[in-house]
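First comes the structure, then the notes that go with it.
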Amino acid sequence: QVELVESGGGSVQAGGSLSVSCAASGSTNQPAIWGWFRQAPGKEREGVAVSSRLTGKTYYADSVKGRFTISRDNANNTLSLQMNSLKQEDTAMYYCAATTTIVAATQVLMVRPYKYWGQGTQVTVSS
């Protein structure tokens with residue numbers, strides 16, 4: 001069992017920056033792959049950015065490439081997402097998700113492979 005607790009987020013004007021963090025606990029196995037997903041009202045949950053502890057690779061949704069940066073602190077079991085140049089369309093509930101199993105690179109930004117989820121933290125970008 002892996003417990004994920006998000007923090008950060010909040011409200012900012014378009015063009016601004018925010019960061020969100022996720023702390024993992026509750027299991028002797030560190031997440032093999034974990035990342036950030038988001039869900040806007042009326043929309044499906046989508047992958048934003050993912051980090052693989054096993055390969056060191058990071059994956060980003062096309063919509064956030066060049067603006068968002070995911071980083072991982074293995075020693076402290078935390079995951080962060082720095083969000084710059086925020087747009088109104090980035091407004092959503094942001095969720096931390098993790099799995100202790102290997103996920104194919106073609107599936108890392110999909111919701112299905114992730115077993116563990118945080119409660120979410122709201123990010124609101126205004127004009």
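Just so you know, these numbers come straight off a predicted model, no measurement behind them.
In this structure a side-chain-to-backbone donor-acceptor pair under 3.5 Å is present from Thr91 to Val125. Using modelled atom types, no side-chain atom of Ser19 and backbone atom of Leu81 make a donor-acceptor pair closer than 3.5 Å. Put simply, the side chain of Arg53 never gets that close to the backbone of Ile33: no donor and acceptor are under 3.5 Å apart. Panel note: side chain Tyr60, backbone Ile70; a donor-acceptor pair is recorded below 3.5 Å.
The distance from atom CD of Glu44 to atom CZ of Arg38, rounded to the nearest 0.5 Å, is 14.0 Å. We find the CD-CE distance between Gln122 and Met93 to be 5.0 Å, quoted to the nearest 0.5 Å. Here Trp117 contributes atom CH2 and Cys96 contributes atom SG; the two are 9.0 Å apart, rounded to the nearest 0.5 Å. Here the OG1 atom belonging to Thr78 is positioned 12.0 Å from the CG atom belonging to Leu4, to the nearest 0.5 angstrom. The structure places CG of Asn77 at 10.5 Å from CZ of Arg72, a figure rounded to the nearest 0.5 Å.
A continuous path of Ile, Leu, Val, Met, Phe, Trp and Tyr side chains, each step under 4.5 Å between heavy atoms, connects Val111 with Val50, placing both in one hydrophobic cluster. Side-chain heavy atoms closer than 4.5 Å link hydrophobic residues (I, L, V, M, F, W, Y) into clusters, and following such links, even through other members, never connects Val108 to Phe68.
Across all their heavy atoms, Ala92 and Ala40 have their closest contact at CB-N, 3.8 Å. Contact detail for Met83 and Leu86: the closest heavy-atom pair is CB-CD2, 3.7 Å. Across all their heavy atoms, Thr106 and Met110 have their closest contact at O-CE, 3.6 Å. Closest approach of Ser17 and Asn84 over heavy atoms only: OG-OD1, 2.8 Å. The shortest heavy-atom contact between Gln107 and Pro113 is O-CG, 3.6 Å. Between Thr99 and Tyr116 the shortest heavy-atom distance is CA-CD1, 4.5 Å.
Side-chain contact between Val2 and Thr100 is present, with heavy atoms from C-beta onward closer than 4.5 Å. Ser51 has its side chain within reach of Leu79: a pair of non-hydrogen atoms, C-beta onward, lies under 4.5 Å apart.
Using modelled atom types, one finds a donor on one side chain and an acceptor on the other under 3.5 Å when comparing Glu6 with Gln119.
Here Asp90 does not pair with Lys87 in a salt bridge; the nearest charged N to carboxylate O distance is not below 4.0 Å.
Ring pair Tyr114/Phe37 is perpendicular by interplanar angle, where above 60° counts as perpendicular and below 30° as parallel.
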message = Test side-chain contact (heavy atoms from CB on, under 4.5 Å) on Trp36 and Val20; report intermediate values, then the result.
response = CA-CA 9 Å; Trp36 293 95; Val20 290; 3.6 Å; yes
(Q) For a side-chain hydrogen bond (donor to acceptor under 3.5 Å, both in side chains) check, start with the C-alpha distance between Ser80 and Ser21, then their side-chain angles and the critical distance, and finish with the verdict. (A) CA-CA 4 Å; Ser80 298; Ser21 295; 3.3 Å; yes
With side-chain contact (heavy atoms from CB on, under 4.5 Å) as the criterion, how do Ser126 and Gln88 come out once you've worked through the C-alpha distance, each side chain's angles and the decisive distance to 0.1 Å? CA-CA 6 Å; Ser126 59; Gln88 282 187 273; 5.7 Å; no
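Counting non-hydrogen atoms of other residues, nucleotides and ligands closer than 6.0 Å to CD of Gln13 gives a total of 12 or fewer.
For the pair Arg45 and Tyr95, the cation sits on the ring face: its NZ or CZ lies under 6.0 Å from the ring centre, inside 45° of the axis.
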